[in-house]
Number of protein chains: 2
Amino acid sequence: MSVTMRDVAVLARVSVKTVSNVVNNHPHVHPVTRSRVEQAIAELGYRPNLSARGLRSGRTGVIGLAVPELRQNYFAELADAVILAAERQNLSVIVGQAGRDRQHEINVLANGLRQTDGLLFSPERLGTEDVELLDVVDYPLVLLGERIFGGPADHVTMHNVSASRAAVEHLLAQGRRRIAVLGAHPDRRENQLRASDLRVRGYREALEIAGLPHDPDLERMVAPWHQEDGARAMDELIDSGVEFDALFALNDTLALGALRSLGKSGRRIPDDVALIGFDNITDGRFTLPSLSTVDPGRDEIAERAIGMLIERIEWGPRSPRPPRLHKARFHIVERESTVGGAATDRTVRNEVAESVDFSTDSAT
Amino acid sequence: MSVTMRDVAVLARVSVKTVSNVVNNHPHVHPVTRSRVEQAIAELGYRPNLSARGLRSGRTGVIGLAVPELRQNYFAELADAVILAAERQNLSVIVGQAGRDRQHEINVLANGLRQTDGLLFSPERLGTEDVELLDVVDYPLVLLGERIFGGPADHVTMHNVSASRAAVEHLLAQGRRRIAVLGAHPDRRENQLRASDLRVRGYREALEIAGLPHDPDLERMVAPWHQEDGARAMDELIDSGVEFDALFALNDTLALGALRSLGKSGRRIPDDVALIGFDNITDGRFTLPSLSTVDPGRDEIAERAIGMLIERIEWGPRSPRPPRLHKARFHIVERESTVGGAATDRTVRNEVAESVDFSTDSAT
DNA sequence: CTGAAAGCGCTAACAT
DNA sequence: ATGTTAGCGCTTTCAG
């Protein structure tokens with residue numbers, strides 16, 4: 001069958017241990033021996049069997065990434081960043097899509113994505129109310145996103161509240177006073193801490209700080225957050241006759257849908273309505289007008305998540321270290337939809353990363 | 001450490017062989033024994049070690065998917081479909097992004113994406129001129145896309161030429177006569193059979209059949225195919241003063257960029273310029289106007305690619321079966337950018353799938 | 001239908 | 001600095 005270490009050892013006239021040392025870059029290998037082994041490896045076209053290595057060492061070199069679905073651009077870009085970050089650490093990534101139904105997500109949590117060294121999990125259907133499902137997880141796990149807070153696992157997320165506040169403050173700075181928000185969750189139970197809840201909170205804070213009244217008519221509920229939902233909700237807002245001069249879409253996908261609806265209605269952007277989204281997906285750069293947005297720090301999220309996961313993997317299963325929470329640095333990206341033709345992707349840094357070593361409270 | 005088959009066997013008072021038989025759904029297991037074993041498995045929370053299974057059986061249950069980059073929406077949607085199709089066959093997918101440079105793609109081809117049962121590879125930098133690199137591939141491989149034709153591997157692709165012809169015919173049917181095309185490749189060497197070359201060929205065929213003159217000024221070269229490139233090329237076409245009443249963008253991403261540029265220039269779509277793209281990515285459904293496009297049959301591509309790969313895996317490495325070529329069914333999706341407000345995502349089927357069992361010529 | 005035992009290719013003690 | 005060897009957990013002959 002295939003070439004094994006033994007074959008290499010025979011050809012190089014050394015033991016398998018020496019071959020192993022060479023392959024794994026162990027020290028204490030005589031340069032001459034090393035090159036002889038390398039020669040033999042090249043000659044035979046030897047490549048280590050990763051199943052055997054995994055069996056023996058308990059490490060596969062593969063991690064899992066579970067996202068709701070790749071066809072949501074935000075998750076595609078997140079996966080892109082995660083795969084790149086993992087590659088830098090010599091890890092491969094099995095990608096799973098679990099968000100289509102709740103049971104699928106439960107299965108993912110129960111088993112990981114096959115047998116991997118660890119899992120990066122961005123849940124969609126599971127929420128903080130399901131946090132006890134995490135208690136039985138017996139492999140390294142890092143949570144992504146804002147569905148589950150306060151769990152026993154490491155967590156990398158965004159500054160949802162303060163970034164949203166900054167987004168709305170940006171609209172206020174343009175002189176807007178009737179600011180609508182698109183994407184509040186229809187289920188108004190408290191303490192859910194979904195992205196929608198946190199971002200709405202930031203919206204309200206900004207209004208309150210500015211001394212503006214809170215108008216429930218301007219808080220539009222939308223779920224899920226696809227383009228068609230954004231377009232529909234926008235149509236409804238327009239039809240309702242409620243006046244508004246700005247719109248904060250809770251993610252860019254909703255904003256894209258709203259853009260269509262606003263355009264159809266004849267509103268000029270930003271003249272009649274200023275629009276800002278959230279996520280900084282690539283699509284927003286070349287719409288007309290281009291879309292102002294919040295850059296939530298995707299690369300940093302990917303980098304930290306991989307870093308945390310690797311640490312957990314190395315610490316082993318019974319490490320007593322408490323769960324950690326990391327929120328990435330964010331910034332506001334000003335484009336045409338809020339500042340008109342003058343926009344040149346100007347970026348305004350607003351807040352630095354924040355990292356705490358206990359996951360109790362403060363899930364803002 | 002973890003629970004092994006041995007532990008299960010002890011608890012169920014059977015041999016490991018019997019446990020193995022149960023786990024793998026082998027026949028010839030007494031129902032009573034089976035349930036006793038299942039009981040023990042549940043009680044102990046046993047889960048088979050996939051590294052061990054992989055080592056022993058030579059199959060990992062993992063395949064690789066190498067795309068240029070996930071942040072190009074087409075590839076995100078392709079990966080989405082591939083992962084779903086793989087999941088149905090109980091396969092996991094390691095996703096790699098190799099398109100950022102040529103050496104990376106060469107490495108991927110040399111090693112697969114780690115050690116997997118097989119690879120689905122959509123190259124970007126490698127082309128038909130590199131086809132000899134495929135000769136040394138010693139694992140199951142299915143090519144995707146239109147960069148490499150005529151190689152010794154199975155290949156799943158699109159009806160590039162006839163689908164493009166259909167797209168242009170759709171424009172012609174709207175009464176357009178000055179049809180520009182965006183995305184021809186700057187490197188005009190022949191026989192490259194890139195997506196761009198094939199799609200331009202379809203464009204020319206349609207014009208020729210319609211008896212329209214071929215105007216080189218209307219064939220705009222663009223590479224790569226990102227939104228900004230589409231916008232820039234469109235700006236150039238507009239600035240050039242060349243007249244046109246329709247545009248065929250060789251993919252949807254270019255079309256999105258062109259949409260912005262056309263809008264900025266004050267052109268009304270489709271009144272002044274009708275626009276059709278290629279790929280049917282989700283983003284085109286909610287632009288204003290929504291984007292007519294060619295649906296290249298992504299789900300069918302994913303499904304067939306997985307199917308072919310599984311067959312290759314099962315046939316083993318020395319199967320003499322010749323490489324196969326499959327082109328998915330396509331159709332034209334008529335939206336507002338060609339037919340105006342009347343559009344309702346009407347879909348026109350134009351051609352059926354085509355499958356041949358030798359990969360010589362006919363790479364249309 | 002079930003059991004015993006070999007061994008997949010590798011790593012890591014331990015020995016030299 | 002290099003060699004010897006046990007054994008990771010599973011599947012798979014081969015017997016019974």
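Sequence lines set the chain letters: A, B, ... in the order given, protein chains first and strands last, and positions in each chain run from 1.
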**Q.** Rounded distance (Å) that lies between atom P of dC8(C) and atom CG of D7(A)
**A.** 11 Å
**Q.** Rounded distance (Å) that lies between atom C1' of dA5(C) and atom CZ of R56(B)
**A.** 11 Å
Q: Would you confirm whether N49(A), through its side chain, and A52(A), through its main-chain N or O, come within 3.5 Å as a donor-acceptor pair?
A: yes
(Q) What I'd like to find out is whether the side chain of I63(B) reaches to under 4.5 Å of the side chain of Q89(B), using heavy atoms alone. (A) no
Q.
Taking R329(B)'s backbone N and O only, do any of them form a donor-acceptor pair with E300(B)'s side chain (distance below 3.5 Å, no angle check)?
A. yes
Q) Tell me: CG of N24(A) to C1' of dA1(D), nearest whole Å? A) 16 Å
(Q) Between C1' on dC10(C) and CZ on R47(A), what's the gap in Å once rounded to a whole number? (A) 16 Å
Q.
Between C1' on dG9(D) and CZ on R59(B), what's the gap in Å once rounded to a whole number?
A. 19 Å
Q | Contact check, side chains of I41(B) and V23(B), non-hydrogen atoms, under 4.5 Å | A | yes
Q: Using whole Å, report how far CZ of R6(B) lies from P of dG3(C).
A: 13 Å
Q) Is a side-chain donor or acceptor of S57(A) paired with a backbone partner of R53(A) at a separation under 3.5 angstrom? A) yes
(Q) Which nucleotide wins on minimum distance to the side chain of Y46(B), given the candidates dT11(D), dC10(D), dT11(C)? (A) dC10(D)
Q.
I want to check something: taking the side chain as every heavy atom from C-beta on, are V108(B) and L113(B) in contact at a cut-off of under 4.5 Å?
A. yes
Q. When all nucleic acid strands are considered with a 4.0 Å heavy-atom cut-off, which category describes T4(A): base, sugar-phosphate, or nothing?
A. sugar-phosphate
Q. So, is N49(A) near the phosphate of dC8(C), with a side-chain N or O under 4.0 Å from OP1 or OP2?
A. no
Q | Minimum side-chain heavy-atom gap R102(A)-L126(A) below 4.5 Å | A | yes
Between the protein and nucleotides 2-5 of chain D, list the N/O to N/O atom pairs that are separated by less than 3.5 angstrom.
{"unit_1": "dT2(D)", "atom_1": "OP1", "unit_2": "T33(A)", "atom_2": "OG1", "d": "2.3"}
{"unit_1": "dT2(D)", "atom_1": "OP2", "unit_2": "H30(A)", "atom_2": "N", "d": "2.7"}
{"unit_1": "dT2(D)", "atom_1": "OP2", "unit_2": "T33(A)", "atom_2": "OG1", "d": "3.4"}
{"unit_1": "dG3(D)", "atom_1": "OP2", "unit_2": "S15(A)", "atom_2": "N", "d": "2.5"}
{"unit_1": "dG3(D)", "atom_1": "OP2", "unit_2": "S15(A)", "atom_2": "OG", "d": "3.2"}
{"unit_1": "dG3(D)", "atom_1": "OP2", "unit_2": "T18(A)", "atom_2": "OG1", "d": "2.9"}

Q: Find the distance H26(B):NE2 to dC10(D):P and express it as a whole number of Å.
A: 14 Å
**Q.** d(CE, M5(B); C1', dT12(D)) in whole Å
**A.** 12 Å
